[in-house]
Amino acid sequence: MQTKVVKTDKVRFDTRLSKEQKDFFERAVIIGGYRNLTDFIVLSAQEKAKEIIMDNEKFLASEEDAIIFFDAIMNPPKPNQNLIEGFEIYKKMVSQ
């Protein structure tokens, strides 16, 4: 019987922490029941990254949304009279 060896590519991520940060995180490791500080940091960063990505994907939920959004940024409409007047008022306020 052959056993299949699965190779996973791993990379190293180094960071420096203040003593206070390390102590604080280690306390969370113990309270949270994590195996070690590395697991806590990696899992916490992964959860936050997932949250950020999901929030971004909600914003542009479909390809059509993305096209409309980027078209509005790349080809904005000309300012109307209210916007022009508002900008003039703003310039006067910030120049005083």
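Sequential numbering from 1 along the given sequence is applied to the chain's residues.
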| field | Lys48/Glu51 under side chain to side chain contact (heavy atoms under 4.5 Å, CB included): CA gap, chis, key distance, verdict | value | CA-CA 5 Å; Lys48 186 63 177 177; Glu51 177 185 318; 3.3 Å; yes

Within one Ile-Leu-Val-Met-Phe-Trp-Tyr cluster: [X] and [Y], side-chain cutoff 4.5 Å:
| X | Y | value |
| --- | --- | --- |
| Ile67 | Met74 | no |
| Phe24 | Ile41 | yes |
| Leu43 | Val29 | yes |

Nearest 0.5 angstrom please: [X] [atom1] to [Y] [atom2], how far?
| X | Y | atom1 | atom2 | value |
| --- | --- | --- | --- | --- |
| Ile73 | Ile68 | CD1 | CD1 | 12.5 Å |
| Ile52 | Glu47 | CD1 | CD | 12.0 Å |
| Glu26 | Lys19 | CD | NZ | 8.0 Å |
| Asn82 | Phe87 | CG | CZ | 15.5 Å |
| Gln46 | Asp39 | CD | CG | 11.0 Å |
| Gln81 | Ile84 | CD | CD1 | 5.0 Å |

| field | Residue pair Leu83 / Asn80: nearest heavy atoms and the distance that separates them | value | N-OD1, 2.9 Å

| query | Does the pair Glu88/Lys92 count as a salt bridge with the N-to-O cut at 4.0 Å? | reply | no

| said: Using 30° and 60° as the class boundaries, would you call the ring planes of Tyr34 and Phe40 parallel, tilted or perpendicular? | reply: perpendicular

